[in-house]
Amino acid sequence: MTVRILQINKFIDLSLPAAGGPATFLSLAGRLLTERGHEVSYFGCRMGETPSELPPYVDYTRPAGPWAALRGAARIVHDARAAGALDAWLARRPADVAHVHNIYHHLTPSIFAPLRRRGVPVVMSVRDFRMICPARDLVRAGRACPGLPPREYWRCVLSGCAGSRARTAVGAAETLVQRFFRRYVQNVHV
């Protein structure tokens, strides 16, 4: 039986220096699944200015004006463009299951809505602590952090766990919203 598997990761182009471990795993898993007779497709961010059906990759580390920074902070929580692009993708390429990898900040949990509407179950591989830690690595002030309940994320902001207080504040807000609305818990099956 052939299964149509949609691999989702913010980076799907392994030639990019930032692609890293999740994209490498994505490529290897896709190859192994294809060798076993399954149909594998890939959805992620579009890099550069080349027109594509994929949503654009946004580099949040580049300096931006206050309005662009505010739009970027909102997009980190929910990216309607990514959800729309995935919905259009699924209309042309149906999937039996979606394997989600690193979607934080770029594709966001917004992509779960089109998957849910189309009845596509979601498996997610988690390789860091992003869903519970605003800095994603459970390290505060250079030391192991036992983790904080969401009501205490202000401690992360004060210590600038993610490199700066501003960056940590955005990460804390994003993590808090995702946890409060249970966007991963309610949408990831395995």
Side-chain angles (χ1 to χ4, degrees), residues 7-30 42-47 55-64 68-79 82-83 86 98-112 115 122-190:
Q7 297 278 0
I8 302 175
N9 190 52
K10 68 179 170 182
F11 295 117
I12 54 175
D13 182 352
L14 287 178
S15 68
L16 300 170
T24 302
F25 175 85
L26 185 86
S27 175
L28 177 62
Y42 300 89
F43 181 86
C45 293
R46 171 181 80 232
M47 302 303 291
Y57 172 80
V58 178
D59 186 353
Y60 294 110
T61 63
R62 287 192 176 163
L70 190 58
R71 278 192 311 273
R75 194 173 290 135
I76 283 172
V77 174
H78 182 87
D79 191 340
L86 180 58
H99 186 179
V100 175
H101 301 268
N102 187 354
I103 62 168
Y104 317 112
H105 309 304
H106 294 86
L107 298 174
T108 75
S110 64
I111 65 163
F112 293 138
L115 292 166
V122 176
V123 174
M124 184 168 185
S125 291
V126 180
R127 296 175 181 85
D128 61 21
F129 299 101
R130 189 70 193 96
M131 286 188 262
I132 62 169
C133 174
R136 88 171 178 268
D137 58 4
L138 286 175
V139 173
R140 185 168 14 129
R143 304 181 76 140
C145 176
L148 297 169
R151 70 180 177 279
E152 293 184 29
Y153 283 170
W154 61 270
R155 294 180 191 273
C156 296
V157 175
L158 288 181
S159 65
C161 293
S164 72
R165 287 184 178 170
R167 186 181 212 169
T168 306
V170 172
E174 187 265 340
T175 304
L176 188 63
V177 168
Q178 306 303 10
R179 288 184 76 178
F180 180 79
F181 288 106
R182 302 172 50 87
R183 293 181 77 195
Y184 290 101
V185 172
Q186 290 181 342
N187 292 293
V188 176
H189 298 88
V190 177

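Sequence positions, counted from 1, serve as the residue numbers for this chain.
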Distance, nearest 0.5 Å, that separates [atom1] of [X] from [atom2] of [Y]:
{"X": "Asp137", "Y": "Cys161", "atom1": "CG", "atom2": "SG", "answer": "8.0 Å"}
{"X": "Glu174", "Y": "Ile76", "atom1": "CD", "atom2": "CD1", "answer": "7.0 Å"}
{"X": "Gln178", "Y": "His78", "atom1": "CD", "atom2": "NE2", "answer": "9.5 Å"}

Would you name the heavy atoms of [X] and [Y] that are closest together and state the gap between them?
{"X": "Arg165", "Y": "Val157", "result": "CG-O, 3.0 Å"}
{"X": "Pro55", "Y": "Gly44", "result": "CD-O, 3.5 Å"}
{"X": "Asp128", "Y": "Tyr104", "result": "OD1-CE1, 3.6 Å"}
{"X": "His99", "Y": "Ser125", "result": "NE2-OG, 2.7 Å"}
{"X": "Ile111", "Y": "Leu107", "result": "CG2-O, 3.5 Å"}
{"X": "Pro56", "Y": "Arg46", "result": "CB-NH2, 3.3 Å"}

Side chain to side chain contact (heavy atoms under 4.5 Å, CB included) evaluation trace for Glu152 with Trp154 = CA-CA 5 Å; Glu152 293 184 29; Trp154 61 270; 4.3 Å; yes
Minimum side-chain heavy-atom gap [X]-[Y] below 4.5 Å:
{"X": "Gln7", "Y": "Ser27", "value": "no"}
{"X": "Tyr184", "Y": "Val100", "value": "no"}
{"X": "Ile8", "Y": "Ile103", "value": "yes"}
{"X": "His105", "Y": "Arg130", "value": "yes"}
{"X": "His189", "Y": "Val123", "value": "no"}
{"X": "Pro109", "Y": "Asn187", "value": "no"}
{"X": "Arg127", "Y": "Phe25", "value": "yes"}

* Test side chain to side chain contact (heavy atoms under 4.5 Å, CB included) applied to Leu115 and Leu86, step by step -> CA-CA 8 Å; Leu115 292 166; Leu86 180 58; 3.9 Å; yes
Between Ser110 and Asp79 (side chain of the first, backbone of the second, donor and acceptor by atom type, cut-off under 3.5 Å), is there such a pair?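 Judged by distance alone, yes, a pair lies under 3.5 Å.
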Q. Does Asn102 offer a backbone N or O that forms a donor-acceptor pair with the side chain of Asn9 under 3.5 Å?
A.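 Checking the backbone N and O of Asn102 against the side chain of Asn9, a donor-acceptor pair under 3.5 Å is found.
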Please evaluate residues Arg179 and Tyr153 with respect to the criterion side-chain hydrogen bond (donor to acceptor under 3.5 Å, both in side chains), reporting the C-alpha separation (whole Å), side-chain torsions for both, the decisive distance (0.1 Å), and the verdict.
CA-CA 12 Å; Arg179 288 184 76 178; Tyr153 283 170; 2.7 Å; yes
* To do: Apply the side chain to side chain contact (heavy atoms under 4.5 Å, CB included) test between Met131 and each candidate in Val188, Thr175, Val126; give the one that qualifies.
  =>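 Exactly one candidate clears the test, Val126.
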Exercise. Output, in order, the C-alpha distance, side-chain angles, deciding distance and verdict of side chain to side chain contact (heavy atoms under 4.5 Å, CB included) for Val77 and Arg183.
Key: CA-CA 10 Å; Val77 174; Arg183 293 181 77 195; 4.2 Å; yes
inquiry  = Atom OH of residue position Tyr42 - does it have more than 12 heavy atoms of other residues, nucleotides or ligands inside 6.0 Å?
reply    =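 Result for OH/Tyr42: enclosed.
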